[in-house]
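Inspection log for the structure reproduced underneath, given as structure tokens.
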Amino acid sequence: MGFNNIEEPMNTLKVLMIAGARPNFMKVAPIIKAIELRSSQEEGGIRNIDVRLLHTGQHYDEAMSEVFFRELGIRPPDINLGVGSGTHAVQTAKIMTGFEAVCLKETPDWVVVVGDVNSTMACTLVCSKMGIRVAHVEAGLRSFDRTMPEEINRIVTDALADLLLTPSHDADENLRREGIPPHKIVCVGNIMIDSLVENLPQIRQSPVLRNLELKREGFAYVTLHRPSNVDQEASLRTIMLELDRLAKRLPVVFPIHPRTKKMCGQFGISLTANQNLKILDPIGYYDSLCLTENARLVLTDSGGLQEESTYFKTPCLTLRPNTERPITLTVGSNKLTTLASLPNDIEAVLTRESRFGRVPALWDGKTAERIIDSLLQCSRAPADSEKLAACAG
Ligand code: UD1
């Protein structure tokens, strides 16, 4: 049902939330819940917030999408564009075309986008041409590596969004350096940690350790899917050899992303699991977080896992030359690694204490509340970006 199909009370603030790919779902869940909680409250002259959820369909498999809706208690999307996979241009164009029609019909006051996937950028572009205000959650992260598709998505989204909601102060600085007016930037904290904190009881009840016969702090948890690691045959072969080698030291759990699986197939790399190298299909949220909390070592190229392991103080090696989440290096338990230095880095992790680092400020489970506060505060100003100076403090 569209915003316009219901009888709206005066002053209803119409918020359209966008989700498209796996790393989006744990970010939209707490925002939707927080909005629903507040929706009947009088805030700043706004009597009601009506939130709708749009799924672009960028990810569509049960294991890449539906399991997260189920586990995180996200209601079914009000709209699903069903765009599916494709080249970047095809996927982005399909999202834009579908989303423009939705915006014409729904006339949202705010579109809230999260993260850095193609859906984030595509929806922001549409809104900016239509004069619809966009709030970007997880704004300001920069790897300074434009070979990453996500970096392009971040730069474009942040250049166009009206409200930039950042997870940490390093992100504020990046935005200021790019000339974003300071009044548009609000440091609200890490939204992913809201989901983590809320779901800790279920995460701790996950049967995954028992099912895979793993001991606490006695295994490595591996996720790898970045094009820079898995789209080149030489690099993917070396990764698989290193995982074999690591599995001789301790059990390795490796849920394989569809991209990685596809590339292994293309390069004729056999995915032969053994007793100690446990290659699985993609796993759900509870199991992934349970493995992250209990691993002796996380090896990943995912942005989210760098942050989740930091929260649990689990040592993390990130197989990338850079990270857009430097706070996980300076405050948390993360370290960048390369294929050349991986054996030494693994050795160093296995010989040091099994938990270290701190949880960064504002990674406290209350970020969704601060996001709603910022949205409401900015909504008192007219939708003219010049006038946003009146809000956001
Ligand atoms: C996307 C995001 C990336 C994020 C990752 C998390 C962009 C540019 N990239 O990358 O930032 O870290 O999601 O997973 O937005 N596929 C399936 N089932 C699905 C989805 C995809 O089998 O539900 C397969 C398709 O064959 C596709 C491949 O996986 O070609 C890659 O998917 P795609 O969405 O293009 O990029 P990701 O690598 O998943």
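Both counts, for ligands and for their atoms, begin at 1 and track the order of listing.
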Test of proximity, E150 against ligand 1: N or O pairs below 3.5 Å: yes

Just list the side-chain donor-acceptor pairs under 3.5 Å for residues 211-218, sequence neighbours left out, or say none.
from, atom 1, to, atom 2, distance (Å)
R216, NH1, N294, OD1, 2.8
E217, OE1, S354, OG, 2.8

Which of the ligand 1 atoms, numbered from 1, are nearer than 4.0 Å to a heavy atom of Y60: 16 (N), 17 (C), 18 (N), 19 (C), 20 (C), 21 (C), 22 (O), 23 (O), 25 (C)

Any K261 heavy atom less than 4.0 Å from ligand 1: no

Side chain to side chain donor-acceptor pair (under 3.5 Å), paired with R142, selected from T323, D170, N322, D158: D158

Proximity of R259 to ligand 1 by residue part, where a heavy atom lies under 4.0 Å: both

Under 4.0 Å to a heavy atom of Q58 - the qualifying atoms of ligand 1, by number: 7 (C), 15 (O), 34 (O)

Closest approach of H88 to P149 (non-hydrogen atoms, all atoms of both residues): CE1-CB, 3.5 Å

Where ligand 1 meets R226 - atom numbers and elements under 4.0 angstrom, heavy-atom basis: 11 (O), 12 (O)

Selected option - heavy-atom contact closest to atom 25 (C) of ligand 1, from S85, S119, G84, A63: S85

Residue and atom name of the nearest protein heavy atom (relative to atom 2 (C) of ligand 1), distance in Å to one decimal: V117 CG1, 3.8 Å

Qualifying salt bridge (charged side-chain N to carboxylate O under 4.0 Å, His left out) pairs, either residue in residues 79-102, two or more places apart: none

Check: D172/T166 side-chain N/O donor and acceptor closer than 3.5 Å: yes

side-chain contact (heavy atoms from CB on, under 4.5 Å) partner of N24, the single match among V117, V113, T56: V117

Identity and distance of the protein heavy atom lying nearest atom 8 (C) of ligand 1: N118 OD1, 3.2 Å

K262 neighbourhood, listing ligand 1 atoms whose heavy-atom distance to it stays under 4.0 Å: 26 (O), 30 (O)

Nearest-neighbour protein heavy atom for atom 18 (N) of ligand 1, which is reported as residue plus atom name and distance: D61 OD2, 2.8 Å

Residues K33, E36: salt bridge by 4.0 Å N-O rule: no

Residue among V126, V111, T107 satisfying side-chain contact (heavy atoms from CB on, under 4.5 Å) with I132: V111

Centroid-centroid under 6.0 Å between H59 and F25 rings: no

R226/E150 salt bridge by N-O under 4.0 Å criterion: yes

Residue and atom name of the nearest protein heavy atom (relative to atom 24 (C) of ligand 1), distance in Å to one decimal: P258 CB, 3.6 Å

Region of H59 that comes within reach of ligand 1 [heavy atoms, distance under 4.0 Å]: both

From T223, L299, L280, T260, residue fulfilling side-chain contact (heavy atoms from CB on, under 4.5 Å) relative to F254: T260

From R22, H257, E66 - option closest to atom 37 (P) of ligand 1 by heavy atom: H257

P23 and ligand 1 - part of the residue with a heavy-atom distance under 4.0 Å: side chain

Atom indices of ligand 1 within 4.0 angstrom of H225 heavy atoms, with elements: 4 (C), 5 (C), 6 (C), 12 (O)

Atom indices of ligand 1 within 4.0 angstrom of M64 heavy atoms, with elements: 14 (O), 19 (C), 23 (O)

